[in-house]
A.B. asks: 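Dropping a structure here in structure tokens format, bear with me for questions.
The sequence lines fix the lettering, A, B, ..., with proteins before strands; numbering per chain opens at 1.
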2 protein chains.
Amino acid sequence: MKQYNNRIEIVLEVIGGKWKTHILYYLTKGPIRTGELKRLVTGISQKMLTVQLKELERDGLITRKTYDQVPPKVEYALTEYGESLKEVLKVLCDWGGDYLKHRYPNGEVTVRNSDDEIGIQ
Amino acid sequence: MKQYNNRIEIVLEVIGGKWKTHILYYLTKGPIRTGELKRLVTGISQKMLTVQLKELERDGLITRKTYDQVPPKVEYALTEYGESLKEVLKVLCDWGGDYLKHRYPNGEVTVRNSDDEIGIQ
DNA sequence: CGGGATCCTTGGCGATACTG
DNA sequence: CAGTATCGCCAAGGATCCCG
């Protein structure tokens, strides 16, 4: 039987890793196709994108909708429960931004999507 | 020059990894000695504890205070800025708890410190 | 266009022993 | 009591090729 040390570990297991937050970042803005994600998530490979999306789907945070057509079209979107992640991501995003300014006031460290925001409706 | 994809990655780099949240968890309750941490953070080795604490100190989240005596006494505490992490940890903690109940309502997955809370003053 | 399979590299982490 | 040094594992992630 699986056991965590604390509740935070659960979140980190769900949104942790190298790509999850970057993917979720775009998903908070609305449904999105695989190719679009691949284009936006800088540097991710086809394989890693698929792997991460499957995990997010397995964890009940996103849905995968396939359109029966050629060429294939697949669209991903946050589930209703996944939507609850938005406020969490926003808090993390805000603190990260503050921390950045606090630690590196002269811009030694930068963020690609620095002027972008988690999509809160 | 270092560059992140988004601000969330910054947070995850600071509190991520296998032990950081578990350590911070106890630090939110007040200053604490090395040995006490080692006792509370179930399963951590002496080495990993030291490594994680050094990283947290390097990142400006905790302070290390040594008392000049034999046997040695070292006490760690959140910095003023580190205190700002509390609300972030609380949000993560809360979401993790919700997610646990939502995904595993029958207790297939459990948390050791489930009835404990992040120390908010 | 979207996904799967295979092979390989790397660094986070563990185990152990030693020091002041 | 607190910290350091060394060795080694393994799973996350990367590169590449193949499929409907």
A.B. asks: For the pair made of CD in B:Q52 and P in D:dG3, what is the distance, rounded to whole Å?
C.D. replies: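 B:Q52 atom CD is separated from D:dG3 atom P by 13 Å.
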A.B. asks: Whole angstrom is fine here: how far is it from CG in B:L49 over to P in C:dT16?
C.D. replies: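 Going from B:L49 (CG) to C:dT16 (P), I get 18 Å.
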A.B. asks: Any heavy-atom pair between the side chains of A:L85 and A:L24 that's under 4.5 Å?
C.D. replies: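 They are in side-chain contact.
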A.B. asks: About how many Å separate NE2 of B:H22 and OG1 of B:T42, when rounded to the nearest 0.5 Å?
C.D. replies: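 Going from the OG1 atom of B:T42 to the NE2 atom of B:H22 covers 5.0 Å.
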A.B. asks: Going from CG on A:L92 to CD1 on B:I10, what distance comes out if it is rounded to the nearest 0.5 angstrom?
C.D. replies: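 That separation rounds to 11.0 Å.
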A.B. asks: A:L53 CG to D:dG13 C1': how many Å, rounded?
C.D. replies: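 So the two atoms are 15 Å apart, to the nearest Å.
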A.B. asks: Do B:Y26 and B:E36 come within less than 4.5 Å of each other through their side chains, counting heavy atoms only?
C.D. replies: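 No, every pair of side-chain atoms sits at 4.5 Å or beyond.
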A.B. asks: What parts of residues 8-22 of chain A reach DNA chain D, counting only heavy atoms under 4.0 Å away?
C.D. replies: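 Output list: A:G17, A:K18, A:W19.
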A.B. asks: Give me the ring orientation class for A:W95 and B:Y81: parallel if the planes are under 30° apart, tilted from 30 to 60°, perpendicular past 60°.
C.D. replies: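 Tilted.
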A.B. asks: Answer yes if A:I23 and A:V51 sit in the same cluster of Ile, Leu, Val, Met, Phe, Trp and Tyr residues linked by side chain heavy atoms under 4.5 Å apart, and no otherwise.
C.D. replies: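 A:I23 does not cluster with A:V51.
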A.B. asks: Taking CG from B:L56 and P from D:dG3, how many angstroms apart are they, rounded to a whole number?
C.D. replies: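 About 13 Å, once rounded to whole Å.
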A.B. asks: Locate the shortest heavy-atom distance separating A:P72 from A:R33; write the atom from each residue and the value.
C.D. replies: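 Reported closest heavy-atom pair: O-NH2, 3.5 Å.
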A.B. asks: May I ask you to check whether A:Y25 and A:W19 place their ring centres under 6.0 Å from each other?
C.D. replies: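 Ring-ring flag for A:W19/A:Y25: false, centres at least 6.0 Å apart.
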A.B. asks: Looking at B:K86 and B:E83, is any side-chain nitrogen of the basic one under 4.0 Å from a carboxylate oxygen of the acidic one?
C.D. replies: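 The answer is yes: the pair qualifies as a salt bridge.
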A.B. asks: Rounded to whole Å, how long is the line connecting atom CE of A:M48 with atom C1' of C:dG2?
C.D. replies: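 Checked: the CE to C1' distance equals 16 Å.
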A.B. asks: B:E55 has an atom CD; how far is it from atom P of D:dG3, in whole Å?
C.D. replies: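 From B:E55 CD to D:dG3 P: 14 Å.
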A.B. asks: Could you list by number each residue of residues 31-47 of chain A showing a heavy-atom separation from DNA chain C of less than 4.0 Å, or answer none if no residue does?
C.D. replies: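 Close to the strand are A:R33, A:T34, A:G35, A:Q46, A:K47.
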A.B. asks: Heavy atom of residues 58-79 of chain B under 4.0 Å from DNA chain C: which residues?
C.D. replies: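 Per residue number, the list reads B:P72.
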A.B. asks: Between B:Y76 and B:E57, does the side-chain hydrogen bond (donor to acceptor under 3.5 Å, both in side chains) criterion hold? Intermediate values first, please.
C.D. replies: CA-CA 9 Å; B:Y76 293 93; B:E57 188 190 6; over 6 Å; no
A.B. asks: Taking atom CG of B:L27 and atom OG1 of B:T79, what is their separation to the nearest 0.5 Å?
C.D. replies: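 Reported value, rounded in 0.5 Å steps: 10.5 Å.
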